[in-house]
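From a predicted model like this one, the values you see are computed outputs, not experimental measurements.
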Amino acid sequence: TNKTEYDNAWATMKAADGVLVPGGFGVRGVEGKILAANYARTSKTPYLGVCLGMQCAVIEWARNMCGLKDANSTEFDEHSANPVIIFMPEINPNQMGGTMRLGERPTVLKDYEGYPSTLATTLYGNVTQVDERHRHRYEVNPERVPLMEEKGMLFTGVDDRNQRMEIIELKEEDHPFYLGCQYHPEFKTVVGKPSPPFYGFILASSGQFRGVGKPLPSTDRFRDLLTSPAAKNMGSKRDSSSSSSSSSSGSSAKRARRS
């Protein structure tokens, strides 16, 4: 690795107000993502891990807080002695195609004794179930969950059969905002109505998250902005610019056909 590039990458990381590790496939760059999860955790920088990003947070926790130094995913090391992320057992690993867990599925938000609210219930507004869209083949190994819970990680969202881990977080006294979700909340984000995990992450990264159990600022301001005179004026300008561009393109095409 080029040292200058390495140093620059870490400088960029340390200058960030929040760390988001998104979904992905394959081993390329994974150790860097695990280091990013570690940096966010130990520096108390807001963290959001989506799909693979959640799995990286689980691997980091297992390695550094549970003493499983060789913890890994079987996606990256199929012979790992401590697989904390595994291929979903009902899927045939030798079959190509049609092997992903896809679509909208329920996630049940769990209570933990001594914690009247969790980060997950705070973000989603104290509901008991949310429906989010999925796209993955690997999941948290349920056999390793008790050890990780014993060391302080909270698994606050599970599937409706209580078999799959859907949401992980850290206690507020350990970290102000550290969340991972197996599903893809970005798939249900719409203009003016941001996905709760992303909205909370942006709030935390900008110093506006009020804390676990406290209501989030209303998203009405986004709708107000979208319907404001300034927004309408910008939309009119875009429409006008688009029409002019289309007209110009049409004229150019006509000239090209005549020539």
Mind checking whether Thr189 and Pro185 have side chains closer than 4.5 Å, heavy atoms only? no
pair Tyr183-Lys188: side-chain heavy atoms closer than 4.5 Å: no
Minimum heavy-atom separation for Val212 to Ser117, with atom names? CG1-O, 3.5 Å
With heavy-atom distances below 4.5 Å as the criterion, would you say the side chains of Leu68 and Leu147 are in contact? yes
CD (Glu139) and CD (Gln55) are apart, to the nearest 0.5 Å, by 9.0 Å
Specify the closest pair of heavy atoms between Tyr47 and Gly53, including all atoms of both residues, with the distance to one decimal. OH-O, 2.8 Å
Taking only residues two or more places apart in sequence or in another chain, which ones pass side-chain hydrogen bond (donor to acceptor under 3.5 Å, both in side chains) with Thr122? none
Gly67 backbone acceptor or donor facing Lys151 side chain under 3.5 Å: no
Distance, nearest 0.5 Å, that separates OG1 of Thr156 from CD1 of Ile168: 8.0 Å
Does the side chain of Arg144 come within less than 4.5 Å of Val140's, by heavy atoms? no
In the structure I gave you, are the side-chain heavy atoms of Ile59 and Ile85 within less than 4.5 Å of one another anywhere? yes
From CD (Glu150) to SG (Cys66), nearest 0.5 Å: 8.0 Å
Locate the shortest heavy-atom distance separating Ala57 from Met153; write the atom from each residue and the value. O-CE, 4.1 Å
Are any of the side-chain heavy atoms of Val84 and Trp61 separated by less than 4.5 Å? no
If we ignore hydrogens and angles and just use 3.5 Å, is the side chain of Glu169 paired with the main-chain N or O of Ala120 as donor and acceptor? yes
Drop me the distance from Ile167's CD1 to Leu119's CG, to the nearest 0.5 angstrom. 9.0 Å
Between Leu179 and Val127, is there shared hydrophobic-cluster membership here, with clusters defined by ILVMFWY side-chain heavy atoms closer than 4.5 Å? yes
By side-chain contact (heavy atoms from CB on, under 4.5 Å) - contacts of Ala204 (at least two apart): Pro46, Phe177, Phe209
Residues which pass ring pair (Phe, Tyr, Trp, His ring centres under 6.0 Å) with Phe187, listed by chain and number, not counting sequence neighbours: His184
Does Asn38 use its side chain to pair, donor to acceptor, with the backbone of Ile34 at less than 3.5 Å? no
Minimum heavy-atom distance between Phe198 and Leu20, given as atom pair plus value: CE2-CD1, 3.4 Å
So, the side chain of Asn141 versus the backbone of Ile86: is there a donor-acceptor pair under 3.5 Å, distance only? no
If the condition is side-chain hydrogen bond (donor to acceptor under 3.5 Å, both in side chains), which residues does Thr121 pass it with, not counting sequence neighbours? Thr118
For Thr42, does its backbone N or O pair with a side-chain atom of His175 as donor and acceptor, under 3.5 Å? no
Please examine the side chains of Gln182 and Met165, heavy atoms only from C-beta on, and report whether any two atoms are closer than 4.5 Å. no
So OG1 of Thr45 and CG of Asp17: to nearest 0.5 Å the spacing works out to 8.5 Å
Closest approach of Gln129 and Pro106, non-hydrogen atoms and distance? NE2-CB, 3.4 Å
Within-4.5 Å side-chain heavy-atom neighbours: Asp159 and Glu166: yes
Separation between CZ of Phe76 and SG of Cys56, rounded to the nearest 0.5 Å: 6.0 Å
Output yes when a side-chain donor or acceptor of Tyr199 lies under 3.5 Å from a complementary backbone atom of Pro217, and no otherwise. yes
Review item, side-chain donor-acceptor pairs of residues 108-116, under 3.5 Å, at least two apart:
residue : atom : partner : partner atom : Å
Tyr112  : OH   : Glu149  : OE2          : 2.5
Tyr112  : OH   : Phe155  : N            : 2.8
Tyr112  : OH   : Phe155  : O            : 3.3
Tyr115  : OH   : Glu173  : OE2          : 3.1

Salt bridge (Lys or Arg N to Asp or Glu O under 4.0 Å): which pairs involve residues 52-72, sequence neighbours left out? Glu31-Arg63, Arg41-Glu60
